[in-house]
Amino acid sequence: MELRQLSHFLAVARRRSFTLAAHDVNVVQSSLSASIRQLERELGATLFDRTTRRVELSPAGRALLPIARHILADARAARAEISAVQGLLRGQVALGTIQMLTWIDLPEVLARFTKAYPGVEISLLEAPVDEMIEALRSGELDLAYLACGVDELPAALTVIDSDTEPLAVAAGPGHPLAGQPGVRLADLEAEPFVEFQAGTGLQTVVDRLCHDAGLKRRIVLRTTQLELLASLVRHGLGLAVLPVGVAHQAGLTAVPIIGNTADRTVALVTRAGHDSNPAVRALLDLLRPGPAG
């Protein structure tokens, strides 16, 4: 077994999709499929039950999952120890992020990091919160931006920084709500909603918020892409509950929510003791907000 094969196996196990997994590990799907087939031949077992709709772990795949995580975590730990000796001439850092990260310009920060430390390899994963939490716990990720309550995190994870941002009802420019100073969620039962797939950090927050407000939403469309969701709202196909900054960036009207506390917490999280990796420490220096000037 090669580390690359195990990495591909974990990506498919996490995503339950060869297409999405190939995107995560930055290879073409045919190469990923060939890597998995080779691993299955070496182990003499089928690791995934493949259907036209979904990919699921087989019994052998479920047995391999914790072993693969352990092997890759040990490999990452070994690289971190070597990096500590070599300084930042070489190294790896794996970062996870939610789709709608507004408190930092992440591409700009990563560009500065790459320029300062060209020998350090950066990998970036965008995935549902529960998948990133598991990736942090197993050592697949060094750091991650998560949209969830900090009190909901496992004890093995440490919050480095967090921020709270307000949520609003996002409406297209021609919607009657666009001119309103505020709206109660309970008054929107007749409105269609456009939302993200269940399981994302934002969607979990929105589900809880609407439940507390007594709103049973009529969800007409779901998507995994922010640009598509914003376009659907902009064309009047439904409303959405989004962070205020995201709504404004997308050219939507952000109508304040009244009667309920409407916000979400985004936290930068790591595994306890994981900042011993010098590459992680260097990236953290750029991700942490500087002192107020």
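FYI, side chains are in, hydrogens and waters are out, and symmetry mates aren't considered; it's all heavy atoms of this structure.
Between the CD1 atom in I104 and the CG atom in L110 there is a gap of 8.5 Å [rounded to 0.5 Å]. Note that CZ of R37 is 13.5 Å distant from CD of E42, once rounded to the nearest 0.5 Å. Summarising the geometry, atom CZ belonging to F9 is positioned 11.5 Å from atom OG belonging to S35; distances are rounded to the nearest 0.5 Å. Rounding to the nearest 0.5 Å gives a distance of 5.0 Å between OG1 of T46 and CD of E40.
Every residue meeting the side-chain contact (heavy atoms from CB on, under 4.5 Å) condition with A262, not counting sequence neighbours, appears here in chain and number order: L167, L209, I257. With sequence neighbours excluded, the residues that form a side-chain contact (heavy atoms from CB on, under 4.5 Å) with V25 are S7, H8, A11, V27, L32.
Between R264 and E165, at least one side-chain N (NZ, or NE/NH1/NH2) sits under 4.0 Å from a carboxylate O, which counts as a salt bridge. A salt bridge is absent between E191 and R217; no separation between the charged side-chain nitrogens and carboxylate oxygens falls under 4.0 Å. For E56 and R50, the salt-bridge test fails: no basic side-chain N is under 4.0 Å from an acidic carboxylate O.
Of the N and O atoms on the side chains of Q29 and T19, at least one donor lies less than 3.5 Å from an acceptor on the other residue.
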Please table the atom pairs, donor to acceptor, closer than 3.5 Å between any side-chain atom in residues 66-73 and protein atoms at least two apart or in another chain.
{"from": "R69", "atom 1": "NH1", "to": "E134", "atom 2": "OE2", "distance (Å)": "3.4"}
{"from": "H70", "atom 1": "NE2", "to": "D74", "atom 2": "OD2", "distance (Å)": "3.1"}

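L215 and I258 fall into different hydrophobic clusters, where Ile, Leu, Val, Met, Phe, Trp and Tyr residues are linked whenever their side-chain heavy atoms come under 4.5 Å apart, directly or through other members.
Contact check for L188 versus F193: side-chain heavy atoms found under the 4.5 Å cut-off.
Between A168 and V244, the closest heavy-atom pair is CB-CG2, 3.8 Å.
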